[in-house]
Amino acid sequence: MAELERAQVIAQNLSLVESRIEKACKSANRERSEVVLVAVTKTYPVADVEILANLGLSHFGENRDQEGREKSANVPAHWHFQGQIQSNKIPSIASWAHTVHSLDEKRHCEKLARSLPEGKKLGIFIQVALDESPGRGGVAPDGLAEMADWVLTFPFLILHGLMAVAPLGEVPDQAFGRLASIHSVFSQQFPDSSALSAGMSDDFESAIAHGATHVRIGSSILGSRSNPL
Ligand SMILES: *Cc1c(COP(=O)(O)O)cnc(C)c1O
């Protein structure tokens with residue numbers, strides 16, 4: 001696709017997503033400014049990130065270290081890592097990411113903190129497991145407070161709040177309803193960490209209705225990925 005044509009498609013998609021976000025905020029009686037749009041650029045080329053940056057976006061999300069490292073070196077922005085954390089990739093992730101959404105193990109937390117370049121701070125969301133099936137990542141709701149206390153022992157980790165992905169096969173409204181109750185308890189315990197990262201292309205309206213402050217949207221903006229991660 002010609003470059004100009006690609007830029008037009010992306011601009012059009014982004015404006016549709018933007019109006020869906022505005023509408024969802026309105027229905028939830030929330031301000032648009034309460035919700036950060038993180039454009040998930042995984043599998044897409046840096047040229048697409050540049051198009052989005054030119055359209056005014058400044059938050060980008062990646063699932064893989066190498067892609068994130070390469071794109072962030074080319075496009076200055078706030079870079080989010082939201083993938084499964086592999087221990088051996090942590091020093092690299094700590095070098096380019098500004099925020100990590102998917103913390104679910106204490107030992108990763110410690111390694112992230114130790115790997116940070118001098119003077120750098122790293123935002124942290126703790127991933128919540130919304131289903132019972134082990135292996136899909138996330139901390140069980142009854143382990144969140146302990147994990148949060150642990151994150152707070154590291155002065156250069158800034159605990160923003162909680163993150164979740166709606167389980168496959170469950171109605172998002174139901175899963176995010178459960179998340180909202182977990183989030184409400186958590187925010188009372190940790191009032192300085194009340195952000196909530198939830199919602200993807202297919203379910204962000206529901207996430208916004210249930211209090212999401214960060215939505216992570218990829219395919220609605222850039223098109224469906226041929227090799228889904
Ligand atoms: C891929 C991904 C997204 C974006 O998903 P889309 O359906 O493309 O909007 C958001 N969050 C996480 C954790 C992802 O892996």
Side-chain angles (χ1 to χ4, degrees), residues 6 9-10 12-21 23-24 35-46 48-49 51-52 55 57-72 77-86 89 93 96-105 108 112 123-131 133 135-139 160-173 175-176 179 183 195-229:
R6 179 67 179 150
V9 169
I10 291 177
Q12 223 162 48
N13 290 347
L14 179 62
S15 118
L16 283 174
V17 164
E18 189 48 54
S19 51
R20 283 171 63 190
I21 295 175
K23 200 167 155 207
V35 179
V36 175
L37 167 59
V38 178
V40 175
T41 49
K42 66 187 182 196
T43 76
Y44 284 98
V46 71
D48 283 358
V49 186
I51 290 170
L52 289 169
L55 289 166
L57 290 196
S58 54
H59 288 263
F60 300 106
E62 287 288 335
N63 281 47
R64 289 187 177 171
D65 168 53
Q66 194 184 336
E67 270 194 85
R69 182 157 28 97
E70 287 168 4
K71 291 176 201 173
S72 61
H78 189 113
W79 284 90
H80 301 255
F81 179 83
Q82 63 200 9
Q84 201 178 8
I85 300 174
Q86 285 174 280
K89 300 288 168 62
I93 294 169
W96 62 264
H98 302 94
T99 300
V100 167
H101 288 241
S102 39
L103 183 82
D104 62 358
E105 285 193 43
H108 289 163
L112 278 166
I124 298 283
F125 287 87
I126 300 173
Q127 186 171 353
V128 186
L130 286 179
D131 55 10
S133 66
R136 292 203 55 224
V139 176
H160 290 320
L162 301 179
M163 175 272 202
V165 178
L168 291 171
E170 184 178 6
V171 182
D173 248 343
F176 290 145
L179 178 63
H183 178 239
L196 183 62
S197 165
M200 314 184 3
S201 288
D202 291 337
D203 58 19
F204 67 81
E205 281 102 339
S206 164
I208 289 172
H210 288 101
T213 60
H214 291 67
V215 290
R216 310 174 310 266
I217 301 179
S219 53
S220 293
I221 299 172
L222 294 173
S224 69
R225 293 173 293 273
S226 40
N227 294 307
L229 290 178

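These numbers come from a predicted model, not from an experiment. In listed order, ligands and their atoms are each counted from 1.
- Atoms of ligand 1 found under 4.0 Å from any heavy atom of Arg225 (numbered from 1 in listed order, with element): 1 (C), 5 (O), 6 (P), 8 (O).
- Judged by the shortest distance from any of its heavy atoms, His101 lies outside the 4.0 Å radius around the atoms of ligand 1.
- The Lys42 neighbourhood of ligand 1 comprises atoms 1 (C), 2 (C), 3 (C), 14 (C), 15 (O), with distances under 4.0 Å to a heavy atom of that residue.
- Judged by distance alone, with hydrogens and angles left aside, the side-chain atoms of Glu67 form a donor-acceptor pair with the main-chain N or O of Thr43 at under 3.5 Å.
- Taking the six-membered ring for Trp and the full ring otherwise, the centers of Phe125 and His80 sit at least 6.0 Å from each other.
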Could you walk me through whether Ser58 and His78 pass side-chain hydrogen bond (donor to acceptor under 3.5 Å, both in side chains), step by step?
-> CA-CA 6 Å; Ser58 54; His78 189 113; over 6 Å; no
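- Residue Asp202 does not touch ligand 1, judged by heavy-atom distances below 4.0 Å.
- Within the listing of ligand 1, atoms 6 (P), 7 (O), 8 (O), 9 (O) sit less than 4.0 angstrom from a heavy atom of Ser201.
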Please walk me through it: do Ser219 and Ser201 pass side-chain hydrogen bond (donor to acceptor under 3.5 Å, both in side chains)?
-> CA-CA 6 Å; Ser219 53; Ser201 288; 3.3 Å; yes
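- Residues satisfying the side chain to side chain donor-acceptor pair (under 3.5 Å) test with His210, not counting sequence neighbours, are none.
- Between Glu62 and Lys71 there is a salt bridge, since a side-chain N of the basic residue sits under 4.0 Å from a carboxylate O of the acidic one.
- For ligand 1, the polar-atom distance check against Arg216 finds a nitrogen or oxygen pair separated by under 3.5 Å.
- Considering both main-chain and side-chain atoms, Gly218 comes within under 3.5 Å of ligand 1 through a nitrogen or oxygen pair.
- Close approach of ligand 1 to Ile217 (heavy-atom distance below 4.0 Å) involves ligand atoms 9 (O).
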